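This is a predicted model, so every value here is computed, not measured.
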Amino acid sequence: MRSARTWIILACALVVGASLLLLSGPLMQNEASCFSTGGEGLLLARSYLEGQGTRCGVLPEDEARGGAILISFPASGMLPSAELARIRQRLRRGTPLLLLYSTSGRSFQQGLVFDRLGLRERKVEEENSLNPIRWWREKSTPLSLEGEGLRTPVLISPARLGLSPESGDKILLEDQKSRVIFGLSRKVGSGRLLVLPSELLANQRLLRGGNLEFLSKLRASLPDALLFDERIHGFGPVAPEESTGTPMADVLLLHGLLIYLLALLALGRRMGPAWPLAAPAVNAVSGLLLRSGAAHRKKGHHAEAASAMLERAAEYHRWPEIPSALADEARLLRKGDLLEFARKVARRQPGRFR
């Protein structure tokens with residue numbers, strides 16, 4: 001018993017410790033931000049670019065400097081539609097745009113950026129083996145992407161999303177085995193759009209394979225200034241809310257008000273009788289009397305019943321004679337007066353005569 005209690009206490013302590021470590025960890029662990037030191041962050045790539053002479057800035061603080069713009073995913077923030085339209089205008093006017101997308105899955109914001117820029121994704125077919133050892137080997141073996149002029153392949157994790165190129169696009173990175181495109185360059189107006197997996201420049205991948213070599217070639221094709229758009233990672237002033245559609249809070253408030261009114265309506269209506277009715281005493285005798293009384297009432301035997309009642313009372317109490325007033329009233333009795341006549345007969349009984 002003591003051993004089981006000890007194991008339960010140790011398990012609870014481990015759960016609490018893991019929760020504290022998770023809560024105390026860096027908030028940007030899974031953000032492809034140039035400030036993030038996590039595995040998917042771009043801090044190492046930014047440091048390398050600055051060391052090679054590229055002037056790196058951050059949007060929106062350094063927007064006046066000019067230069068190529070870099071948007072990276074995964075990101076937890078939202079890029080306002082107005083800012084995205086402005087970036088697209090700058091792209092058409094000649095500003096290069098470097099878009100680093102997440103190959104592990106499509107988020108809403110990434111899909112919105114792809115749609116606004118006219119890009120299409122392609123799902124990579126996965127072959128999941130039932131053998132756990134083979135499955136683990138396939139998931140842990142990185143993809144080797146070939147590119148023009150690269151001596152060493154670029155490495156990324158097994159991907160779920162690739163790119164669907166259009167005519168005129170220049171292929172930058174391709175998986176020779178599956179023939180899936182992962183990097184391309186597209187002419188948009190006077191500018192150039194570069195679309196690449198964010199993992200190949202991430203902290204966890206940059207120093208492996210030909211990733212650093214690819215970043216060096218990429219730097220040579222970009223201007224001397226590069227602006228990291230950190231608004232989708234939570235940096236910069238809070239963007240004003242767009243007044244499109246009905247806010248979710250208003251919809252929930254209206255639903256709550258409707259439920260409240262329906263509850264008041266249901267409580268205001270009486271459900272059944274106001275008070276429970278007394279259950280009638282039902283037995284064989286009462287049933288027989290009720291049926292007999294109903295039959296006499298239906299046939300109008302009130303006068304005959306009154307006369308019989310008066311005769312039985314006089315016989316039972318041994319009246320010297322039947323009062324003439326009661327006899328005449330019984331003979332002329334109409335429907336509905338039988339109960340009142342019975343009360344008069346009862347008052348004539350001994351002990352109640354006076």
Side-chain angles (χ1 to χ4, degrees), residues 32 34 42 45-46 49 54-60 62-75 77-103 106-123 145 147-150 154 156 159 161-175 180-201 214-233 236 239 242:
C34 65
L42 303 177
R46 177 183 177 182
L49 292 174
T54 301
R55 294 181 288 106
C56 295
V58 176
L59 289 178
D62 304 323
E63 190 169 3
R65 292 186 181 181
I69 299 175
L70 186 146
I71 301 176
S72 55
F73 292 94
M78 298 289 291
L79 190 63
S81 300
E83 298 296 334
L84 186 57
R86 188 181 307 173
I87 291 176
R88 186 179 179 183
Q89 290 178 359
R90 294 179 60 177
L91 172 63
R92 290 185 172 276
R93 292 173 183 173
T95 301
L97 175 60
L98 177 58
L99 177 60
L100 303 181
Y101 71 100
S102 175
T103 59
R106 175 176 180 174
S107 63
F108 172 77
Q109 183 67 12
Q110 178 174 308
L112 180 62
V113 173
F114 266 59
D115 294 340
R116 292 296 178 88
L117 296 177
L119 296 170
R120 292 184 300 169
E121 300 169 339
R122 173 185 174 183
K123 291 186 178 181
L145 306 183
E148 183 180 355
L150 288 178
V154 172
I156 63 171
L161 294 178
L163 300 174
S164 294
E166 297 180 355
S167 60
D169 293 345
K170 180 181 179 181
I171 306 303
L172 300 180
L173 293 174
E174 181 181 7
D175 182 16
V180 178
I181 306 302
F182 288 97
L184 58 83
S185 174
R186 178 180 298 177
K187 191 73 174 177
V188 180
S190 301
R192 186 162 56 102
L193 173 62
L194 302 173
V195 187
L196 300 168
S198 61
E199 187 182 350
L200 69 89
L201 302 182
F214 183 85
L215 178 58
S216 179
K217 292 182 176 295
L218 182 64
R219 173 190 168 273
S221 63
L222 292 175
D224 294 335
L226 181 61
L227 299 176
F228 291 83
D229 196 335
E230 292 295 316
R231 287 169 291 196
I232 58 174
H233 302 292
E242 298 180 0

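Atom CG of L222 is separated from atom CG of L194 by 6.0 Å, given to the nearest 0.5 angstrom. The CG atom of L150 sits 6.5 Å away from the CG atom of L173 when rounded to the nearest 0.5 Å. The CG atom of L100 sits 8.5 Å away from the CZ atom of F228 when rounded to the nearest 0.5 Å. How far CG of L161 is from OG of S102: 7.5 Å, rounded to the nearest 0.5 Å. L172 CG to L184 CG: the interatomic distance, rounded to the nearest 0.5 Å, is 6.5 Å. Note that the CZ atom of R46 and the CG atom of L70 stand 11.0 Å from one another [nearest 0.5 Å].
Scanning all heavy atoms of the two residues, the minimum distance from T103 to P197 falls at CG2-CB, 3.8 Å. Across L201 and L42, no two heavy atoms sit closer than the pair O-CD2, 3.5 Å. The heavy-atom pair separating V154 from L200 by the smallest distance is CG1-CB, 3.7 Å. In terms of heavy-atom proximity, P74 sits nearest to S198 at CD-OG, 4.1 Å. Closest approach of A75 and I232 over heavy atoms only: CB-O, 3.3 Å.
For Y101 (side chain) and F114 (main-chain N/O), no donor-acceptor pair under 3.5 Å exists by modelled atom type. In this structure a side-chain-to-backbone donor-acceptor pair under 3.5 Å is missing from T95 to A68. Remark: the backbone N or O of L97 is not paired with any side-chain donor or acceptor of R192 at under 3.5 angstrom. Judged by distance alone, the side chain of H233 and the main-chain N or O of A32 form a donor-acceptor pair under 3.5 Å. When atom types are taken as modelled, the side chain of E230 and the backbone of C34 share a donor-acceptor pair closer than 3.5 angstrom.
Between R120 and D169 no salt bridge is recorded (no basic side-chain N to carboxylate O distance below 4.0 Å). At a threshold of 4.0 Å, the pair R90-E63 counts as salt-bridged, since one of the basic side-chain nitrogens sits closer than that to a carboxylate oxygen.
For D224, the CG atom sits in a loose shell: 12 or fewer heavy atoms of surrounding residues, nucleotides or ligands are nearer than 6.0 Å.
Residues L112 and R116 have side chains in contact (heavy-atom distance under 4.5 Å, counting atoms from C-beta outward). I69 has its side chain out of reach of L98: every pair of non-hydrogen atoms, C-beta onward, lies at least 4.5 Å apart. Here the side chains of L79 and I87 are in contact, with some heavy-atom distance below 4.5 Å. Side-chain contact check for I156 versus L145: some heavy-atom pair is nearer than 4.5 Å. Side-chain contact between L196 and L218: present, with at least one pair of heavy atoms (C-beta onward) separated by less than 4.5 Å. By the 4.5 Å heavy-atom criterion applied to side chains, V113 and F73 are counted as neighbours. Side-chain contact between E174 and F182: absent, with no pair of heavy atoms (C-beta onward) separated by less than 4.5 Å. Between Q89 and L91 the shortest side-chain heavy-atom distance does not fall below 4.5 Å.
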**Asked** Does the side-chain contact (heavy atoms from CB on, under 4.5 Å) test come out yes or no for E148 and K170, once each step is laid out?
**Response** CA-CA 10 Å; E148 183 180 355; K170 180 181 179 181; 3.8 Å; yes
**Request:** Please assess R122 against D175 for the test salt bridge (charged side-chain N to carboxylate O under 4.0 Å, His left out), listing each intermediate value before the final yes or no.
**Result:** CA-CA 13 Å; R122 173 185 174 183; D175 182 16; over 6 Å; no
**Request:** Check the pair D229, L227 against side-chain contact (heavy atoms from CB on, under 4.5 Å), reporting the backbone distance first and the verdict last.
**Result:** CA-CA 6 Å; D229 196 335; L227 299 176; over 6 Å; no
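Under the side chain to side chain contact (heavy atoms under 4.5 Å, CB included) rule, L119 has a single partner from E166, Q110, R186, which is R186.
Under 3.5 Å, the side chains of S190 and R92 contain no donor-acceptor pair of N or O atoms.
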